[in-house]
Engineer: 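Before anything else, here's the structure in question.
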Amino acid sequence: IDSGMDVLLRGNAGSGKSTTLEMFARKRYAAREVGEEVLFLPLARFTPFDRSLVECDPLEQLCNEVARLFRSAQPGVTSQFVREKIDASRKLALILDGVDEAGWLLGWLVKLVIRLRSLKRDALQVVASSRFDTPQLSDIGLFSIHLLPFKPEQVVGFVRNFLAGEPELADEVTAHLRSNPVMFSVAQTPLMSTILCVLARNGVTLPDTMNALYKERFELLWGAYDSKKQIRRVRSSRSCLEDVSKKVAYFLHSRRLRASRREDILSSVVIGLKRRYRVDVIESAFLELERPCNVLVSDHEGFLGFGHLSYQEYLAADELYTSRQSEIVLHLSDPWWRGALVLAAMKTDDMAEVIRERVLQSRVVGKAADTLSAMIEVCDESQRGVLRGLLKAQKRLDVIDGVDDDYVF
């Protein structure tokens, strides 16, 4: 990235893509030359454009969005000010975080990069991140780099660095990993290794699956931490906090959002839970999820979300599995739902039924193939061979029926 090349940084959830891009932006800004500008853009916070605006000058739309994002911290920033900065810059670093979280922007982003290149020539560097491969960006020359998962020795190294001041605790965590080797594949990203270390630091019995790891993290925030410290800051019941958390996650995820206005989220949660809890009980739990639980966090614009998309996906997956199983099939073709569906697949004992239901409803596997493959790989090992065979057979039927252009496999 420091070379100045245009780069697309890829990696699984929690692999450090956003952190890498943010640290690069800070480093580049700190060492910037006279006339150099650095723009770090979290694409998940962009406002969905009216489709008619996508045909407008992409640079004009960029300036409008940058000005909007700045206003919470610097109210005087205007789109004209942003445009003047870009036009006057001798060098420009455009850093686009989370392309996969704003898929509707992809065509616009391609036009934007081409437009900026026509203005800046070699003075422009574009750095983007995405969970998934993005051929449209590769086609315009972004070099793809994939952040690989940790090897077991790297997980151990991360744990020992994280718990450097607590060597006995680090020994306890590494001993747990070695006695449960499957946990090396669970803790193979910085995010998951961090959760494992934080749980150990708080005296939680260390889990042995990915879903259990997420569950223990939320149990800690929903009140287990207070119990261990023998204090009482959380007044809401643990079950209500969980139910509200899952409804918030599903509200955001089904709208392809990372954060939203408090009043919009709360209104949806009340509608979803008013038959189970009084409205005042729901409102109280909703407030406590932000403080003192720290499950929900506020961004610079005052919007609420879960901080990391992986946490939102875990809760949305739990909501799918426990209350909305019939909706799983509806989301199979949408890459935005892939992370949540993989987590849901870890809970189910019958992935074959999900595949059959997909074929029954849509008549084809189609664009669901990649997500179904990812879901199969987290199923019980004894089922994987049969499920792979079932999926392969259905994909072959797609080809025979002439629908192989519906997806790439």
Side-chain angles (χ1 to χ4, degrees), residues 1-10 17-18 20-22 24-29 31-130 134-144 256-259 299-301 303:
I1 299 177
D2 285 338
S3 72
M5 291 180 64
D6 294 336
V7 172
L8 173 64
L9 190 68
R10 293 175 50 217
K17 300 181 299 297
S18 295
T20 299
L21 261 60
E22 183 177 341
F24 168 70
R26 291 177 180 274
K27 176 182 174 183
R28 179 79 179 259
Y29 183 78
R32 71 193 185 284
E33 302 170 5
V34 175
E36 182 175 358
E37 299 293 343
V38 180
L39 269 178
F40 180 90
L41 301 175
L43 296 178
R45 292 174 59 191
F46 268 46
T47 304
F49 302 156
D50 184 296
R51 293 209 176 269
S52 63
L53 293 177
V54 176
E55 303 304 320
C56 298
D57 179 1
L59 184 51
E60 178 182 345
Q61 193 65 37
L62 172 72
C63 294
N64 290 338
E65 281 300 298
V66 172
R68 183 186 65 80
L69 290 171
F70 263 104
R71 280 183 197 127
S72 59
Q74 295 179 316
V77 174
T78 64
S79 58
Q80 182 180 348
F81 173 83
V82 176
R83 180 60 184 266
E84 289 172 354
K85 283 282 189 181
I86 292 175
D87 287 344
S89 62
R90 295 173 57 189
K91 285 186 178 180
L92 176 63
L94 183 65
I95 302 163
L96 308 168
D97 185 35
V99 172
D100 57 299
E101 297 174 30
W104 56 274
L105 275 173
L106 199 50
W108 176 82
L109 286 173
V110 170
K111 291 180 180 178
L112 174 65
V113 172
I114 293 172
R115 177 84 168 91
L116 285 171
R117 282 176 175 167
S118 71
L119 294 174
K120 295 297 172 185
R121 306 295 177 184
D122 294 336
L124 173 71
Q125 181 184 12
V126 180
V127 180
S129 69
S130 175
T134 310
Q136 296 92 328
L137 295 181
S138 297
D139 289 346
I140 60 171
L142 269 71
F143 182 77
S144 186
R256 312 177 79 85
L257 298 172
R258 289 281 297 274
D299 66 17
H300 296 301
E301 296 177 282
F303 286 9

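Predicted, not measured: the structure shown is a model, and the values here were computed from it.
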Engineer: Is there a side-chain contact between F46 and W108, using heavy atoms and a 4.5 Å cut-off?
Structural biologist: yes

Engineer: Could you check whether any side-chain heavy atom of T20 comes within less than 4.5 Å of a side-chain heavy atom of I1, counting everything from C-beta outward?
Structural biologist: yes

Engineer: Using a 4.5 Å cut-off on heavy atoms from C-beta on, say whether the side chain of L116 contacts that of L112.
Structural biologist: yes

Engineer: Using a cut-off of 6.0 Å, state whether more than 12 heavy atoms not belonging to D122 lie near its atom CG.
Structural biologist: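 Count not over threshold, so no.
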
Engineer: Quick one: do R117 and I140 satisfy side chain to side chain contact (heavy atoms under 4.5 Å, CB included)? Show the steps, please.
Structural biologist: CA-CA 11 Å; R117 282 176 175 167; I140 60 171; 3.9 Å; yes

Engineer: Are side-chain N/O atoms of S89 and K120 paired as donor and acceptor at under 3.5 Å?
Structural biologist: yes

Engineer: Ignoring hydrogens, what is the shortest heavy-atom contact between N64 and S79? Give both atom names and the distance.
Structural biologist: OD1-CB, 3.2 Å

Engineer: Taking C-beta and beyond as the side chain, do L8 and S129 meet within less than 4.5 Å on heavy atoms?
Structural biologist: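 Contact flag for L8/S129 side chains = no.
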
Engineer: Out of curiosity, D57 CG to K111 NZ, how far, rounded to the nearest 0.5 Å?
Structural biologist: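 Here the interatomic distance stands at 11.0 Å.
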
Engineer: Is any side-chain heavy atom of L41 closer than 4.5 Å to a side-chain heavy atom of L94?
Structural biologist: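 Yes, close enough: below the 4.5 Å cut-off.
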
Engineer: Would a 4.5 Å heavy-atom cut-off, applied to side chains only, mark L124 and V126 as touching?
Structural biologist: yes

Engineer: Out of R28, K91, R90, which residue meets the salt bridge (Lys or Arg N to Asp or Glu O under 4.0 Å) rule with E36?
Structural biologist: R28

Engineer: F40: which residues meet the side chain to side chain contact (heavy atoms under 4.5 Å, CB included) condition with it, sequence neighbours left out?
Structural biologist: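 Testing F40 for side chain to side chain contact (heavy atoms under 4.5 Å, CB included), a comparison that skips the adjacent residues, returns L21, E22, A25, P42, I95, D97.
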
Engineer: Decide yes or no on side chain to side chain contact (heavy atoms under 4.5 Å, CB included) for R32 and Y29, but give the supporting numbers first.
Structural biologist: CA-CA 5 Å; R32 71 193 185 284; Y29 183 78; 3.3 Å; yes

Engineer: For the pair E301 and R45, find out whether any cationic side-chain nitrogen is under 4.0 Å from an anionic carboxylate oxygen.
Structural biologist: yes

Engineer: Using only atom types and a distance under 3.5 Å, with no angle test, would you say the side chain of S3 pairs donor to acceptor with the backbone of M5?
Structural biologist: yes

Engineer: Can you name the side chain to side chain contact (heavy atoms under 4.5 Å, CB included) partners of R256, sequence neighbours left out?
Structural biologist: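 Expected list: D334, W336.
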
Engineer: Before giving the answer on side chain to side chain contact (heavy atoms under 4.5 Å, CB included), spell out for Q125 and D6 the whole-Å C-alpha distance, their side-chain angles and the decisive distance to 0.1 Å.
Structural biologist: CA-CA 5 Å; Q125 181 184 12; D6 294 336; 4.0 Å; yes

Engineer: Check side-chain hydrogen bond (donor to acceptor under 3.5 Å, both in side chains) between D87 and all other residues, then give those that pass, not counting sequence neighbours.
Structural biologist: R83

Engineer: So which heavy atom on L59 is nearest to which on R115, and how close?
Structural biologist: CB-CG, 4.2 Å

Engineer: Walk me through it: do K27 and D2 pass the test salt bridge (Lys or Arg N to Asp or Glu O under 4.0 Å)?
Structural biologist: CA-CA 10 Å; K27 176 182 174 183; D2 285 338; 2.7 Å; yes

Engineer: Just wondering, do L96 and L105 contact through their side chains at under 4.5 Å, heavy atoms?
Structural biologist: no

Engineer: What distance separates S18 OG from E101 CD, expressed to the nearest 0.5 Å?
Structural biologist: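 Nearest 0.5 Å value for the OG-CD distance: 6.5 Å.
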
Engineer: So how far is it from K17 NZ to S130 OG, rounded to the nearest 0.5 Å?
Structural biologist: 7.5 Å

Engineer: So L43 and V99, do their side chains get closer than 4.5 Å, heavy atoms only?
Structural biologist: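 Yes - at least one pair of side-chain heavy atoms lies under 4.5 Å apart.
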
Engineer: Give, for atom OG of S138 and atom CZ of F143, the distance between the pair rounded to the nearest 0.5 Å.
Structural biologist: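 Taking OG in S138 and CZ in F143, the distance rounds to 10.0 Å.
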
